[in-house]
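Have a look at the structure below before the remarks.
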Amino acid sequence: MEHQYFVLKGCLRTYLIDSSGKEHTMQFAVENWWVSDYLAYYKGGESIFFVECLEDCELMRVRKEDLEGMFLSLSITETYFRLQLENAFAAFQKRILSSLNLTAKERYSQFIQIYPDIEQRVKNYQIASYLGITPESLSRLRKNRIASDES
C-alpha cells in the first residue's frame, strides 16, 4: 500500500479475509484517525488488508516518500507522526490484550468507549467481526446493555 490516509470526514474500516472467506475487522477509522495497511506501508510488499469506505469520506493521503521528506524538512512533522504511531501501537497492543483476556461483554464495553457513536455508522456484522463474536452474540450484548441502562 503506497498511502496512509487521514480521515477528515467519514468512516472506514480495515479488514482481512481469511482462507475460509470470513472477514476480520482490524480497525475502524473515523474523523481525525489514520488508516492504512501499515505492514505494507512501512515494510513494503503486498497488502493483506482491505480498506473500505463505510460512508462518504474526505481523506488526506500521504505517500511514504512524501512523509519522509516532511520528516527531514520539518522536525515538528516527525514529532507529530511519532506520537501518532506511539498511540496507534499502544491501541493495537491494548486490542490484542483485550481479545486475549476480556469477555465479549467487556470487549463490547471497551469498544463503545473507543468508538462512542460508531453503532449508528457501521453494520452489526462489522462490529461483531471487530469483536470476534457472531452478530447474534452482539445483538444479545446490546439487548442486555439497553436493559441495564433502563433499570
Side-chain angles (χ1 to χ4, degrees), residues 1-100 102 104-139 141-142 145:
M1 181 168 271
E2 289 184 32
H3 299 93
Q4 91 173 267
Y5 300 88
F6 183 76
V7 183
L8 299 168
K9 179 183 169 202
C11 179
L12 300 92
R13 80 174 173 128
T14 304
Y15 68 99
L16 63 89
I17 301 174
D18 69 19
S19 59
S20 67
K22 184 177 177 184
E23 291 183 7
H24 300 274
T25 300
M26 299 300 296
Q27 176 191 11
F28 291 102
V30 293
E31 289 79 8
N32 300 313
W33 286 49
W34 288 91
V35 66
S36 185
D37 179 333
Y38 295 107
L39 288 171
Y41 183 79
Y42 287 109
K43 298 298 182 185
E46 292 293 314
S47 180
I48 60 168
F49 293 107
F50 297 91
V51 178
E52 174 184 25
C53 292
L54 302 175
E55 300 175 341
D56 288 340
C57 294
E58 292 178 22
L59 307 171
M60 179 178 64
R61 72 179 187 181
V62 180
R63 286 183 341 152
K64 186 176 180 201
E65 297 78 21
D66 295 334
L67 188 59
E68 294 291 333
M70 286 191 306
F71 289 166
L72 292 172
S73 63
L74 296 167
S75 64
I76 190 89
T77 305
E78 187 168 27
T79 301
Y80 169 79
F81 274 90
R82 179 183 50 79
L83 293 172
Q84 291 293 313
L85 282 172
E86 288 172 4
N87 289 334
F89 184 74
F92 276 122
Q93 273 194 333
K94 188 175 181 179
R95 178 156 152 61
I96 291 167
L97 289 172
S98 73
S99 71
L100 295 173
L102 300 180
K105 181 180 179 181
E106 293 167 330
R107 289 194 311 273
Y108 178 63
S109 293
Q110 193 175 68
F111 174 80
I112 295 304
Q113 290 174 355
I114 295 168
Y115 300 104
D117 68 340
I118 199 86
E119 291 183 287
Q120 294 77 37
R121 300 175 79 177
V122 303
K123 295 180 175 143
N124 288 344
Y125 83 89
Q126 295 166 333
I127 295 172
S129 166
Y130 179 89
L131 296 171
I133 60 176
T134 65
E136 295 78 18
S137 294
L138 176 61
S139 292
L141 289 171
R142 281 186 170 155
R145 188 182 98 219

So, Ser98 and Gln110: side-chain donor and acceptor under 3.5 Å apart, yes or no? yes
Any donor-acceptor N/O pair, Arg63 side chain to His3 backbone, under 3.5 Å: no
Take atom CG in Asp56; do more than 12 heavy atoms of anything else shown fall under 6.0 Å from it? no
Ion pair Arg61/Glu2, N-O distance below 4.0 Å: no
Leu138 vs Leu131, test: side chain to side chain contact (heavy atoms under 4.5 Å, CB included). Steps then yes/no. CA-CA 9 Å; Leu138 176 61; Leu131 296 171; 4.1 Å; yes
To the nearest 0.5 Å, what is the distance between CE (Met60) and CG (Leu8)? 6.5 Å
With the threshold set at 4.0 Å, does a side-chain nitrogen-carboxylate oxygen contact exist between Glu78 and Arg82? no
Check for me whether the distance between the ring centres of Trp33 and Tyr115 falls short of 6.0 Å. yes
Over 12 non-hydrogen atoms of neighbours within 6.0 angstrom of OH in Tyr80: yes
Identify the two heavy atoms, one from Gly45 and one from Ala40, that lie closest to each other, and give their separation to 0.1 Å. O-CB, 3.9 Å
Decide if atom CD of Glu65 counts as having more than 12 heavy atoms of other residues, nucleotides or ligands within a radius under 6.0 Å. yes
CG (Leu97) and CG (Leu102) are apart, to the nearest 0.5 Å, by 8.5 Å
Check against side chain to side chain contact (heavy atoms under 4.5 Å, CB included), Tyr15 and Ile17: CA-CA 7 Å; Tyr15 68 99; Ile17 301 174; 3.9 Å; yes
Tell me if the CG atom of Leu100 is crowded by more than 12 foreign heavy atoms within 6.0 Å. yes
Which pair of non-hydrogen atoms, one from Ile133 and one from Leu141, has the smallest distance, and what is that distance? CD1-CD1, 3.7 Å
Say whether, by atom type as modelled, one donor and one acceptor occur between the side chain of Thr25 and the main chain of Gln27 under 3.5 angstrom. no
What is the distance from atom OG1 of Thr79 to atom CD of Gln84, rounded to the nearest 0.5 Å? 12.0 Å
Over all atoms of both residues, closest heavy-atom pair of Phe49 and Leu16: CE2-CD2, 3.3 Å
Walk me through it: do Glu23 and Arg13 pass the test salt bridge (Lys or Arg N to Asp or Glu O under 4.0 Å)? CA-CA 11 Å; Glu23 291 183 7; Arg13 80 174 173 128; 2.5 Å; yes
What is the distance from atom CD of Gln4 to atom CH2 of Trp34, rounded to the nearest 0.5 Å? 5.0 Å
Could you grab the distance from atom CD of Glu52 to atom SG of Cys11, nearest 0.5 Å is fine? 9.5 Å
Let me see the working for Val51 and Ser36 under side chain to side chain contact (heavy atoms under 4.5 Å, CB included), right down to the final yes or no. CA-CA 7 Å; Val51 178; Ser36 185; 5.9 Å; no
Does this structure show an ion pair linking Glu55 with Arg121, if we count only N-O contacts that are shorter than 4.0 Å? yes
Please lay out, stage by stage, how Phe28 and Gln126 fare under the test side chain to side chain contact (heavy atoms under 4.5 Å, CB included). CA-CA 9 Å; Phe28 291 102; Gln126 295 166 333; 4.0 Å; yes
Do you know the tightest heavy-atom contact between Tyr42 and Lys64? O-NZ, 3.1 Å
Output the distance between atom CD1 (Ile127) and atom NZ (Lys123), rounded to the nearest 0.5 Å. 12.0 Å
Which pair of heavy atoms, one from Val7 and one from Val30, lies closest together, and at what distance? CB-O, 3.4 Å
Are any side-chain N or O atoms of Ser73 and backbone N or O atoms of Gly69, one a donor and one an acceptor, separated by less than 3.5 Å? yes
Quick one: does Asp37's side chain have a donor or acceptor within less than 3.5 Å of a partner on Ile48's backbone? yes
Heavy-atom nearest pair, Gly10 first then Cys57, reads CA-SG, 3.9 Å
Is Arg95 positioned over the aromatic face of Tyr130, cation under 6.0 angstrom from the ring centre and no more than 45 degrees off axis? yes
Kindly say whether Phe71 contributes a backbone atom to a donor-acceptor pair with the side chain of Ser75 at under 3.5 angstrom? no
